[in-house]
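For clarity, every value in this text was computed on a predicted model and none was experimentally measured.
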Amino acid sequence: YKRQGDEAPPPVQPRHAAGPSSEALRAMPWADLVATLRAAGRADTRTAERCLRVVVARASDGVNGEGGCGSAARGAAADAGAFGALVEAMGEHAAHAGVQELACAALIQLAAGADAAGISRKQAAADAGALGALVGALTAHREHVGVALSASWAIGNLCIGTDAAGLARKQAAADAGALGALVGALGEHSARANICEQAIKALGNLVATAATTTAASSPTAAAASTAAAAPRARTEESVDGALAAAVTDASLLALDRQRDALDAGVLGPLLAAMRKHAAHVGVQRFACMLLLNLASLADQTNGGLARRQAIVASGATALVVEALRAHRSGDAKTAEWAAQLIGVLVAGVDHAAPARKRAAIDAGALGALLGALSAPAPDQNGGAAHPPAVVENALRSLGAIIAGPDVPGPAGAAARAQAAVNAGARTTLDRIAAGALSDSLVAARAREVGELIRGLLAHAAHADVPLSLIHI
C-alpha cells in the first residue's frame with residue numbers, strides 16, 4: 001500500500017558475503033587460496049586483503065606442509081597461478097592502496113631468490129604482467145609510504161639479471177614507465193631512507209647492461225686511462241660483464257634506459273638522497289651502483305661522455321668521495337663501487353678530462369682512495385681484510401686521476417702527480433708494492449702507479465710528457 005505523494009523506499013542493497021575467515025584461508029592449499037583471491041572480485045576488498053596477507057605470510061614462512069619454508073612454498077604458489085591472480089587483484093582494486101601494498105609485498109616474497117628457481121619465478125611474474133601492475137601501483141599511489149616502498153622493492157627484484165631474459169625484463173619495466181615512476185617516488189619520499197634505498201636499487205638494476213669481457217693481457221694494458229675502471233653491470237644480486245667488446249641490440253636499449261633515466265631527472269633526487277642519508281649504507285651503496293651504471297665506460301660514444309660529464313657537473317664526485325671516506329671501513333661493497341666510480345668519472349682523453357680529474361682532486365678523492373688502501377674493510381667474519389676489489393679499484397682510480405691528457409696549470413698531469421705525492425701516495429704505494437697485501441698483481445699495479453707519479457714529476461719541466469706515462 002502506497003499513499004499518494006509517498007516516495008518508494010530505497011531498494012535493499014545486497015550484502016556481500018563476508019568471505020572465508022583468515023583462519024580458513026590459512027588452512028587452504030595454494031590452489032584454493034588462489035581461487036579465492038580470484039573470486040573476491042572488485043567489490044570484495046576485505047577478502048582480497050585477507051587472501052593477500054596469507055599469501056605474504058605463507059610465501060615468507062611456508063605452512064600447511066606445502067613446501068615448508070622458502071623456495072618450495074613459493075614454487076607451489078607459482079604452480080597454482082598465484083602471479084596471475086595477484087596481477088588480476090591489482091587491476092580489480094587499482095584504487096585501493098591497501099590491496100596494492102599487499103600485492104606488491106606478495107610479489108616480493110613469491111619472486112624472491114637469485115637461484116635458478118628464483119629467476120624462473122621472476123620471469124613467471126613478468127610474463128603474468130606484474131611489471132606493468134607494479135608501475136601502475138607506484139604511479140597511482142606514489143604518496144603512500146607502503147606502496148612506494150613495496151612497489152619499488154618489487155620492481156627492483158624482478159629486474160635482476162643481465163642474461164637475455166633479465167635484460168628483457170628491464171626493458172619491459174622501462175616500457176611500462178618504471179624509470180619515471182621510481183624517480184618520482186625517490187623525490188616524493190626523500191626523507192625516508194628505506195624507500196630511497198629501494199628506489200635507487202631498482203633504478204640501478206633497470207639501467208644495468210651486460211657486456212662481453214675484454215680481458216687485458218697484462219696489468220699495464222688493463223690500466224689504460226680510458227678503461228681505468230672497467231665497469232661491470234651491477235645489480236643487487238648479480239655482477240656480470242665488463243667493458244663492451246661489441247654493441248648489441250640489448251646494450252643499445254640499455255644505453256637508451258640510461259639516457260632516459262637522466263632525462264627523467266634522476267640526478268637531482270638521487271644526490272639529495274645521498275646528502276640526506278650520508279650514514280645509511282644501503283642508500284650510499286646503491287647510489288654508487290646506479291651512478292656506475294649511468295656512467296658506464298661501455299658507452300664510448302659522445303652520448304656516454306655527455307652522461308659522465310653531466311654526472312660530474314651535478315656535483316656527484318664530492319658525494320661519491322664522501323661515501324668512500326665514510327664507508328671504506330664498514331662496508332666493502334660501498335668501498336668497492338665508490339672507488340671504482342671515481343675512476344670512471346675522471347676517465348677519458350677528451351678536452352674536459354683534465355678538469356674532471358682536477359675536480360676529483362679538489363673533492364678529496366686522492367685522500368679517500370689512499371685511505372681505502374690504508375684502512376682495510378672488515379671481512380664477513382669480523383676480521384680485518386683488504387678486499388681485492390677495493391684495492392684494485394682504488395689503485396685503478398688513483399692512476400686514472402693522475403694519468404691522461406696534460407694541460408698547463410693545476411689540472412695538468414704533473415700537478416696531479418704532485419697532488420698525489422702531497423696526499424701521501426708514495427708511502428702507501430711503496431708499502432703495497434713491497435708486498436704488504438701479499439698479492440703480486442696488486443703489488444705490480446702499485447708499482448705502475450708509483451712509476452707514473454715519479455715519471456710525471458721527472459718530466460714536469462718538459463712540454464712533451466711521454467705517452468707511456470700519461471696513458472698508463
Where at least one partner belongs to residues 258-270, residue pairs that pass side chain to side chain donor-acceptor pair (under 3.5 Å), sequence neighbours excluded = D256-R259, Q258-R307

inquiry  = Would you say that L291 contacts L267 through its side chain, given a criterion of any heavy-atom pair below 4.5 Å between the two side chains?
reply    = yes

Side-chain touch V56/I108, heavy atoms, less than 4.5 angstrom = no

key: Exercise: identify the closest heavy-atom pair between E101 and H144   = OE1-CE1, 3.3 Å

task = Using the test side-chain contact (heavy atoms from CB on, under 4.5 Å), find all partners of T428 that sit at least two apart in sequence or belong to another chain.
result = L370, L373, S374, R431, I432

message = Test: salt bridge (Lys or Arg N to Asp or Glu O under 4.0 Å). Region: residues 419-429. Which pairs qualify, not counting sequence neighbours?
response = none

query = Shortest non-hydrogen contact from C159 to N205?
reply = O-CB, 3.7 Å

H280 (side chain) donor-acceptor with V283 (main chain) under 3.5 angstrom = yes

query = Is any side-chain heavy atom of L253 less than 4.5 Å from a side-chain heavy atom of L167?
reply = no

note = Per side chain to side chain contact (heavy atoms under 4.5 Å, CB included), L324 is matched among L369, L341, L319 by L369

R396 and E392 ion-paired at < 4.0 Å = yes

key: Contacts of type side-chain contact (heavy atoms from CB on, under 4.5 Å), residue A95, not counting sequence neighbours   = none

remark   = R192 meets the salt bridge (Lys or Arg N to Asp or Glu O under 4.0 Å) criterion, sequence neighbours left out, with none

note = Sequence neighbours excluded, the answer for side-chain contact (heavy atoms from CB on, under 4.5 Å) partners of Q123 is A126, D127, A165, R169

query = Shortest non-hydrogen contact from L182 to A202?
reply = CD1-CB, 3.8 Å

ask   = Which pairs pass salt bridge (Lys or Arg N to Asp or Glu O under 4.0 Å) with one or both residues in residues 133-153, sequence neighbours excluded?
value = R142-E188

key: Partner set under side-chain hydrogen bond (donor to acceptor under 3.5 Å, both in side chains) for T334, not counting sequence neighbours   = D331

inquiry  = Looking at A254, is its backbone amide N or carbonyl O close enough to the side chain of K170 to form a donor-acceptor pair, meaning the two atoms are under 3.5 Å apart?
reply    = no

key: Backbone of V346 reached by a side-chain donor or acceptor of K357 within 3.5 Å   = yes

query = Just by distance, do the side chain of S120 and the backbone of A116 share a donor-acceptor pair under 3.5 Å?
reply = no

query = Given side chains that start at C-beta, do those of L255 and T209 come closer than 4.5 Å, heavy atoms only?
reply = no

inquiry  = I'd like to check the side-chain contact (heavy atoms from CB on, under 4.5 Å) partners of A133; sequence neighbours left out, ordered by chain and number.
reply    = V87, M90

task = Using atom types as modelled and distance alone, determine if a side-chain donor or acceptor of E322 lies under 3.5 Å from a backbone N or O of A278.
result = no

note = Residues A295 and V344: closest non-hydrogen pair is O-CG1, 3.4 Å

request  = Sequence neighbours left out, what passes salt bridge (Lys or Arg N to Asp or Glu O under 4.0 Å) with R356? Give chain and number order.
outcome  = D350

Show me the donor-acceptor pairs, under 3.5 Å and distance only, between side chains in residues 412-424 and residues at least two apart or in other chains.
residue: R416; atom: NE; partner: I401; partner atom: O; Å: 2.7
residue: R416; atom: NE; partner: I402; partner atom: O; Å: 3.3
residue: R416; atom: NH1; partner: P405; partner atom: O; Å: 3.4
residue: R416; atom: NH1; partner: A411; partner atom: O; Å: 2.4
residue: R416; atom: NH2; partner: I402; partner atom: O; Å: 3.0
residue: R416; atom: NH2; partner: A403; partner atom: O; Å: 3.1
residue: R416; atom: NH2; partner: P405; partner atom: O; Å: 3.2
residue: Q418; atom: NE2; partner: N422; partner atom: OD1; Å: 3.0
residue: N422; atom: ND2; partner: Q418; partner atom: O; Å: 3.4

task = Return the minimal non-hydrogen interatomic distance between A339 and A394, and the atom names on each side.
result = CB-N, 3.9 Å

Sub-4.5 Å side-chain heavy-atom contact between V391 and L395 = yes

request  = Please tell me if the side chains of F83 and R121 come closer than 4.5 Å, counting only heavy atoms from C-beta onward.
outcome  = yes

inquiry  = Contact between C196 and H189 at the side-chain level, heavy atoms closer than 4.5 Å - yes or no?
reply    = no

query = Just one of L179, V207, L290 clears the side chain to side chain contact (heavy atoms under 4.5 Å, CB included) bar with V266, so which one?
reply = L290

request  = Measure across V321 and A368 and return the closest heavy-atom pair with its distance rounded to 0.1 Å.
outcome  = CG1-CB, 3.9 Å

ask   = Any side-chain heavy atom of S314 sitting closer than 4.5 Å to one from L271?
value = yes

ask   = Would a distance-only check, ignoring hydrogens and angles, find a side-chain to backbone donor-acceptor pair under 3.5 Å from K122 to A111?
value = yes

task = Just grab all the salt bridge (Lys or Arg N to Asp or Glu O under 4.0 Å) pairs involving residues 146-156, residues at least two apart or on different chains.
result = none

